[in-house]
Amino acid sequence: MAKMYYEKDCDLSYLKGKKIAIIGYGSQGHAHALNLKDSGCDVCVGLREGSKNWANAEKAGLQVKTVEDAAKWGDIVMMLINDEVQADVYKNSIAPYLTEGKALAFAHGFNIRYQQIVPPAGVDVFMAAPKGPGHTVRSTYVAGKGVPCLVAVEQDATGHAYQIALAYIAGIGGARAGVMETTFQDETETDLFGEQVVLCGGLVELMRCGFETLVEAGYEPENAYFECIHEVKLIVDLINKGGVAAMNYSISDTAEFGEYVSGSRILPYEETKARMKAVLSDIQDGTFAGRWIAENKSMGRTFFNSKRQQLKKHQMEIVGGELRKNMIWGGDSDLDTASN
Ligand code: NAD
Ligand code: MG
């Protein structure tokens with residue numbers, strides 16, 4: 001059983017007198033910076049000169065510095081820029097200022113697990129990884145709740161790395177929901193696995209396949225969108241609330257019977273599991289990480305960008321966009337997908 005921590009196990013006084021530099025002001029960055037500030041911490045945001053986020057962060061009442069100045073200023077330096085640019089930014093703008101006794105923090109273990117960043121021995125290295133999108137980390141905090149987090153310590157130079165990590169997580173509201181102890185290795189591997197086979201890769205392919213099957217059979221694309229895409233959230237909300245039992249309670253017995261009869265037909269267990277194991281072993285032996293690093297470095301993101309463009313033009317995205325526009329609550333205005 002994993003070790004769990006809650007607010008009573010976290011002592012915010014471990015952040016007293018410590019300056020926290022949040023590098024990046026995206027999904028996670030804005031949430032960590034604002035939550036920590038509201039928790040009474042001394043926070044600044046580190047950004048590139050000319051970043052469009054500079055004014056946003058200042059408007060939200062945060063002090064902003066260049067990445068170098070923030071790294072110089074901070075006792076805790078939290079890396080909340082894209083994983084694929086972290087190694088270069090670390091080398092050029094952060095490492096020179098990581099003096100003994102400081103802490104380097106992450107919300108995902110990729111760069112430590114695959115040795116793209118190798119911090120000096122004298123600093124604490126910890127992870128405070130919310131298990132949810134940054135916008136939810138902020139909205140739940142404001143509502144007096146929080147998003148569950150993972151805590152891990154890769155290097156404990158000061159002897160207080162765990163206490164500092166737990167205090168940090170309490171500061172962003174995560175300890176209100178629960179903090180699970182893990183390692184950089186386990187977090188990285190399970191996170192990559194989850195997003196690839198179930199949450200993003202698996203789910204998008206499942207929805208696309210369902211959508212295309214209905215449309216090719218002559219049904220209206222709007223109908224296919226509602227059935228195979230829109231309803232996913234309604235179903236998942238029930239599972240999130242009360243497990244599969246709550247979903248089965250809420251759907252009709254006909255739907256539940258269909259679940260038992262057809263689920264394993266479209267997702268043959270042994271074959272799917274063998275494929276999942278192959279994906280997992282690519283993650284464990286570094287094959288996936290190597291491919292992603294190469295995609296960014298030598299390939300100029302050609303595969304990544306062409307897939308993104310292809311998806312943008314897919315009928316399910318176009319039909320869905322039109323339908324969502326006309327829903328009474330409109331689109332999700334805090335998600336700026338146009339800039340992707
Ligand atoms: P994001 O893409 O939303 O934001 C990244 C920010 O970094 C942006 O403000 C961007 O302008 C800035 N940036 C990019 N390159 C930069 C550079 N060279 N110098 C300075 N700033 C630069 O990223 P995110 O999704 O918040 O992810 C941040 C970290 O949090 C990653 O390690 C990610 O794995 C982790 N994480 C994300 C989520 C999530 O829900 N998004 C959940 C858990 C963990
Ligand atoms: Mg993002």
Side-chain angles (χ1 to χ4, degrees), residues 21-35 44-60 62 64-71 74 77-95 104-114 116-117 125-141 146-152 154 168-169 172-174 177 179-180 182 184 186-196 199-200 283 288-289 292-293 296-297 301 304 308 332 334-340:
I22 303 292
I23 311 299
Y25 198 69
S27 176
Q28 291 292 328
H30 89 285
H32 289 226
L34 291 172
N35 292 3
C44 102
V45 176
L47 292 174
R48 280 171 293 193
E49 234 146 335
S51 157
K52 67 174 168 33
N53 277 324
W54 197 294
N56 292 340
E58 280 184 341
K59 224 188 298 157
L62 293 156
V64 185
K65 299 174 187 293
T66 62
V67 175
E68 287 84 357
D69 287 344
V77 180
M78 173 49 118
M79 298 288 275
L80 294 177
I81 57 178
N82 314 37
D83 296 301
E84 66 278 10
V85 303
Q86 285 186 12
D88 280 342
V89 172
Y90 171 81
K91 194 170 70 187
N92 300 326
S93 312
I94 293 173
L104 183 66
F106 294 87
H108 178 43
F110 189 94
N111 285 286
I112 293 289
R113 165 65 181 81
Y114 297 110
Q116 299 301 295
I117 293 177
V125 180
F126 73 79
M127 180 193 303
K131 287 281 94 182
H135 297 91
T136 316
V137 173
R138 181 58 184 161
S139 63
T140 51
Y141 179 91
V147 167
C149 286
L150 299 182
V151 65
E154 180 78 5
Y168 182 101
I169 292 172
I172 61 170
V179 187
M180 194 196 97
T182 185
F184 272 66
D186 282 7
E187 184 275 340
T188 305
E189 293 171 8
T190 55
D191 191 70
L192 292 172
F193 179 79
E195 64 202 19
Q196 290 178 29
L199 305 175
C200 312
I283 291 167
F288 172 79
W292 179 220
I293 292 161
N296 282 288
K297 287 214 166 121
R301 286 203 169 202
F304 182 91
R308 192 181 257 181
D332 230 350
D334 65 340
L335 296 178
D336 180 16
T337 54
S339 69
N340 262 341

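Small disclaimer: the values here were computed from a predicted structure and weren't measured. Atoms within a ligand are numbered from 1 in the order they appear, just like the ligands themselves.
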task = Go through ligand 1 atom by atom and flag the ones less than 4.0 Å from a non-hydrogen atom of Gly132.
result = 40 (O), 42 (C)
Per-atom contacts of ligand 1 with Gln86, taking only distances under 4.0 Å to non-hydrogen atoms = 32 (O)
ask   = Is the side chain of Ser51 donor-acceptor paired with the backbone N or O of Leu47 at a distance under 3.5 Å, no angle test?
value = no
Shortest heavy-atom approach to atom 1 (P) of ligand 1 - which of Ala107, Gly24, Ser27 = Ser27
ask   = Is the shortest heavy-atom distance from the side chain of Met127 to the side chain of Val151 under 4.5 Å?
value = no
ask   = Are the side chain of His30 and the backbone of Ser27 linked by a donor-acceptor contact shorter than 3.5 Å?
value = yes
request  = Report yes or no: does Ser93 have a heavy atom closer than 4.0 Å to ligand 1?
outcome  = no
ask   = Judged by atom type as modelled, is there a donor-acceptor pair below 3.5 Å linking the side chain of Gln116 to the main-chain atoms of Tyr114?
value = yes
Contact check: Gly26 vs ligand 1, nitrogen or oxygen atoms, below 3.5 angstrom = yes
task = Within a distance under 4.0 Å of any heavy atom of Tyr25, pick out the atoms of ligand 1 and give their elements.
result = 9 (O)
task = Flag this pair as yes if the NZ/CZ of Arg113 is under 6.0 angstrom from the six-membered ring centre of Phe110 and inside a 45 degree cone about the axis; otherwise no.
result = no
message = Can you check which of Asp191, Asn82, Val89, Ile23 brings a heavy atom nearest to atom 14 (C) of ligand 1?
response = Asn82
task = Could you list the atoms of ligand 1 found under 4.0 angstrom from a heavy atom of His108?
result = 32 (O), 34 (O)
ask   = Touching ligand 1 at all, Leu47? Heavy atoms, strictly under 4.0 Å?
value = no
key: Smallest separation among heavy atoms of Asn35 and Arg138, with atom names   = OD1-NH1, 2.8 Å
remark   = To atom 29 (C) of ligand 1, the nearest of Val147, Asn111, Leu80, Thr136 on a heavy-atom basis is Leu80
task = Using a strict 4.0 Å cut-off to heavy atoms of Pro133, name the atoms of ligand 1 that fall inside it.
result = 40 (O)
ask   = When you look for heavy atoms under 4.0 Å from ligand 1, do you find them on the side chain of Pro130, its backbone, both, or neither?
value = backbone
query = Side chain, backbone, both or neither: which part of Ile81 has a heavy atom under 4.0 Å from ligand 1?
reply = both
task = Could you tell me whether the side chain of Glu195 and the main chain of Cys200 form a donor-acceptor pair under 3.5 Å?
result = no
task = Decide yes or no on side-chain hydrogen bond (donor to acceptor under 3.5 Å, both in side chains) for Gln86 and Asn111, but give the supporting numbers first.
result = CA-CA 7 Å; Gln86 285 186 12; Asn111 285 286; 3.1 Å; yes
query = Can a non-hydrogen atom of Lys131 be found less than 4.0 Å from any atom of ligand 1?
reply = no
inquiry  = Looking at ligand 1, is there an atom of it that comes within less than 4.0 Å of some heavy atom belonging to Gly134?
reply    = yes
note = Looking at Val67, Leu150, Asp83, Asp88, the heavy atom closest to atom 33 (C) of ligand 1 belongs to Asp83
ask   = If you count the atoms of ligand 1 from 1 in the order shown, which ones are under 4.0 Å from a heavy atom of Val85?
value = 15 (N)
ask   = Any side-chain heavy-atom pair from Leu62 and Tyr25 closer than 4.5 angstrom?
value = yes
remark   = Per-atom filter on ligand 1: closer than 4.0 angstrom to a heavy atom of Asn53 are 9 (O)
inquiry  = Is the distance between the ring centroids of Trp292 and Phe304 under 6.0 Å?
reply    = yes
inquiry  = Restricting to non-hydrogen atoms, name the atom on Glu154 and the atom on Phe184 that form the minimum distance, rounded to 0.1 Å.
reply    = OE1-CB, 3.5 Å
